[in-house]
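Step one of this worksheet: look at the structure below.
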There are 2 protein chains.
Amino acid sequence: MPDPSPGARPTLEAVAARAGVSRATVSRVVNGGAGVRRPLVERVRRAVEELGYIPNHAARTLVTRRNGAVAVIIAEPEFRVFSDPFFEQQVRGISRELTAHDSQLVLLWVEGAGDYERIARYLGGGHVDGALAFSVHDDDELPSIVRRVQVPTVFGGRPGWPGATGELAVPYVDADNRGGAREAVRYLLAQGRGRIAHIAGPRDQTSATDRLAGYRDVLLDADPDLVAQGDFTEESGARAMAELLERRPGLDAVFAGNDLMASGALRVLRERGLRVPEDVALVGFDDMASVAEATDPPLTTVRQDIEGMGRLMVRLLMRALHQDGGPGAPDAAPGSVITPTELVRRASA
Amino acid sequence: MPDPSPGARPTLEAVAARAGVSRATVSRVVNGGAGVRRPLVERVRRAVEELGYIPNHAARTLVTRRNGAVAVIIAEPEFRVFSDPFFEQQVRGISRELTAHDSQLVLLWVEGAGDYERIARYLGGGHVDGALAFSVHDDDELPSIVRRVQVPTVFGGRPGWPGATGELAVPYVDADNRGGAREAVRYLLAQGRGRIAHIAGPRDQTSATDRLAGYRDVLLDADPDLVAQGDFTEESGARAMAELLERRPGLDAVFAGNDLMASGALRVLRERGLRVPEDVALVGFDDMASVAEATDPPLTTVRQDIEGMGRLMVRLLMRALHQDGGPGAPDAAPGSVITPTELVRRASA
DNA sequence: GGCCGTGCTGAGAGCGCTCTCACCCCGGCG
DNA sequence: CGCCGGGGTGAGAGCGCTCTCAGCACGGCC
């Protein structure tokens with residue numbers, strides 16, 4: 001009875017008819033009900049309920065030019081993308097915050113370099129209100145694409161391409177890698193450690209170079225041989241540790257660029273019969289639960305609120321979106337945000 | 001010059017005007033150009049090019065009732081969802097196939113039990129053409145929801161709830177777990193192994209119970225003490241192996257429910273001084289690269305084409321979608337598909 | 001040579017919604 | 001008591017596209 005033709009979804013029109021009001025009034029009620037008298041609101045609400053009315057998204061988008069969807073762009077540089085627990089947490093934060101903003105998450109998986117054309121077309125097609133992108137490489141086309149198609153975009157991780165701080169700047173959210181690194185090193189210093197080594201992450205990722213910079217900020221005249229190169233993998237951490245031990249056997253502390261490398265370093269340290277933290281104190285970065293808490297001894301490390309960063313990316317984007325929305329405001333670029341880190345003391349240092 | 005007002009995207013109308021044809025003709029060309037004379041097609045194409053015309057998705061959806069989007073529903077039972085390499089590969093397959101079908105992937109992350117209401121509303125709102133869901137638990141609400149809101153849905157993994165083979169059946173894609181298990185056990189048999197143990201995965205996942213069933217298919221009168229319970233984690237594999245060794249020290253082969261458990265079992269085997277495969281042959285399942293190739297010795301295991309399964313899920317869904325599309329065909333449920341597995345011989349057996 | 005396909009093209013009617021106005025009704029004021 | 005102003009409501013014009021159907025030109029047939 002409430003639904004005359006079972007196949008067809010009820011429209012605004014149907015609700016209006018049932019409630020005995022105009023389409024406009026129903027629309028107002030559905031969108032918050034501001035400026036509609038109480039009894040009418042009630043009546044419309046009831047009609048919506050009875051008919052099981054659900055607004056047609058496409059129709060709404062057609063006129064409002066908003067589609068309540070945000071693209072999350074994943075450029076796959078290597079094998080692990082998803083499997084990165086880091087990424088999972090970030091996406092979770094994004095998903096949650098998006099839900100809170102009544103928006104959907106559209107996943108755009110870039111399938112290699114040739115695929116950017118497709119991405120550009122999609123982004124340019126106005127299918128999404130904005131986009132979120134991750135730690136793009138320095139030569140990535142993404143920044144120029146989003147600029148060209150004018151899609152508000154927030155990046156995860158500080159971009160490192162030349163000019164990223166100037167005219168090619170993009171809004172981003174990143175942890176305070178440099179500050180966190182400084183804190184870690186200062187902590188080691190405070191523990192009385194004198195020869196603090198660093199295992200650095202890949203040179204083309206700002207998260208790695210920023211941490212290295214933080215290390216140098218504190219240890220202004222650090223012995224260059226106390227810095228070894230890794231690539232954020234466990235394996236590379238082990239290799240770097242071995243190298244370090246060979247070059248500077250007397251080192252008494254290691255600040256690793258991330259937990260994975262710290263874990264590799266720890267393995268080598270124990271193999272060589274060095275006690276942690278007695279002989280060598282060890283600090284990681286990330287506070288990746290599956291690693292930092294699982295090692296023996298558990299890792300003292302620098303925590304960053306990854307899920308929070310995801311949420312923040314969305315919030316930044318939403319702010320930019322609501323600020324103007326319409327075209328003609330080419331530079332409503334949301335500002336970037338650096339989120340604080342926190343030293344988590346466990347047993348390794 | 002081609003673009004009079006820089007802010008505004010060109011519409012069909014604009015293209016029509018520029019090409020000197022009607023909107024209808026432009027529409028025809030944009031959608032394939034069937035039934036339009038050659039020269040006109042060219043002219044329209046050129047106009048599209050010059051204006052940089054991109055069809056408005058919302059407008060199209062409004063009339064066609066198709067939105068070129070498919071929801072991927074992730075119900076998060078435990079911590080790792082994304083981080084599961086299994087899942088990553090599946091999503092990659094889905095993403096690729098969806099792209100081939102010109103569709104988008106909308107990620108729906110279920111945030112706990114109370115969140116199903118939101119999911120139902122979204123699915124019911126006709127925002128997506130169909131949905132893809134994964135290895136739902138037996139008491140999951142998802143199947144009943146998609147049934148209620150009538151959204152064509154394909155499941156990944158054979159559902160195990162009561163009635164799943166009858167009136168509550170849903171279309172799914174799964175690997176031939178049972179057949180693969182049979183092959184693995186037969187292989188062990190052919191190697192002359194007589195006391196073959198099994199480390200089973202969680203009882204509430206059909207992938208695990210199917211593998212156990214396959215094991216039993218071959219070893220009809222298997223000693224019940226040769227089966228130990230695990231939960232698909234490395235740790236549980238180690239525990240189960242220890243148990244097995246205690247109960248039946250004379251076992252000469254182990255078929256583990258997945259590679260992770262096999263890896264755990266391998267660890268324990270070596271700790272006890274047992275040689276693999278000389279003393280105990282070991283076979284895993286999944287052929288998860290990061291595990292099966294990394295162990296020492298590398299694992300003989302049963303491979304399943306995970307990415308292919310993802311693609312298949314999409315293909316099944318698309319078939320159901322194109323088959324009818326409109327309402328009124330309540331039971332256009334696509335059939336299920338079981339994909340073959342393959343035994344990969346490495347050094348562990 | 002007239003008639004009927006056949007093949008293209010264009011006109012126009014929506015799809016379901018939002019949003020601007022015009023309108024109406026009422027209270028307050030002159 | 002008439003007039004003005006303001007809050008509440010409805011009418012109607014689109015948003016950009018698809019799709020049906022009418023119309024037109026052309027060729028083959030009787």
Side-chain angles (χ1 to χ4, degrees), chain A residues 5 7-45 47-48 51-69 102 124-127 129 325-327, chain B residues 4-5 7-45 47-48 51-68 102 124-127 129 325-327:
Chain A
S5 118
R9 283 190 203 296
T11 69
L12 246 206
E13 189 84 48
V15 177
R18 187 178 187 90
V21 299
S22 73
R23 275 201 329 269
T25 298
V26 178
S27 177
R28 281 189 269 259
V29 171
V30 169
N31 291 290
V36 178
R37 235 178 313 231
R38 205 42 181 251
L40 266 199
V41 172
E42 307 276 290
R43 220 157 78 213
V44 173
R45 289 251 163 85
V48 164
L51 258 29
Y53 169 74
I54 299 175
N56 179 310
H57 194 67
R60 183 177 279 176
T61 296
L62 185 55
V63 23
T64 60
R65 267 88 219 300
R66 289 242 149 133
N67 29 31
D102 243 0
H127 297 187
D129 297 327
Chain B
S5 117
R9 285 190 201 295
T11 70
L12 246 206
E13 189 83 47
V15 177
R18 187 178 187 91
V21 298
S22 73
R23 270 196 339 264
T25 298
V26 177
S27 177
R28 280 189 271 258
V29 172
V30 169
N31 291 290
V36 179
R37 233 179 315 232
R38 205 42 181 250
L40 265 201
V41 172
E42 308 276 291
R43 219 158 79 215
V44 172
R45 290 251 164 85
V48 164
L51 257 31
Y53 169 73
I54 299 175
N56 179 311
H57 194 68
R60 183 177 280 177
T61 296
L62 185 56
V63 23
T64 60
R65 266 89 220 299
R66 290 242 148 134
N67 29 31
D102 244 358
H127 298 188
D129 297 327

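No experiment lies behind these values; they were computed from the predicted model shown. A, B, ... follow the sequence lines: proteins, then strands. Residue 1 opens every chain.
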Would you please test V30(A) and R60(A) for side chain to side chain contact (heavy atoms under 4.5 Å, CB included) and show each step? CA-CA 12 Å; V30(A) 169; R60(A) 183 177 279 176; 3.7 Å; yes
Would V26(A) and R23(A) count as a side chain to side chain contact (heavy atoms under 4.5 Å, CB included) if you check the C-alpha gap in whole Å, the side-chain angles of each, and the deciding distance to 0.1 Å? CA-CA 5 Å; V26(A) 178; R23(A) 275 201 329 269; 5.7 Å; no
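OP1 or OP2 of dG10(C) has at least one side-chain nitrogen or oxygen of T25(B) nearer than 4.0 Å.
Contact record, G33(B) with V41(B): O-CG2, 4.3 Å, taken as the closest heavy-atom pair. Between A47(B) and A19(B), the shortest heavy-atom distance links the atoms CB-CB, 3.9 Å. Scanning all heavy atoms of the two residues, the minimum distance from V36(B) to V29(B) falls at CG1-CG2, 4.2 Å.
Between N67(B) atom CG and N67(A) atom CG the span is 12.0 Å, to the nearest 0.5 Å. Summarising the geometry, atom OG1 belonging to T61(B) is positioned 8.0 Å from atom CG belonging to D129(B); distances are rounded to the nearest 0.5 Å.
Atom CG of L40(A) is separated from atom P of dG7(D) by 17 Å (rounded to the nearest Å).
Between N56(A) and T11(A), the closest side-chain pair of non-hydrogen atoms is not below 4.5 Å.
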Walk along nucleotides 16-26 of chain C from 5' to 3' and tag each nucleotide B, S or - by protein heavy-atom contact under 4.0 Å, base first, then sugar-phosphate. BBBB-------
Interface polar pairs with nucleotides 4-6 of chain C, N/O, under 3.5 angstrom:
none

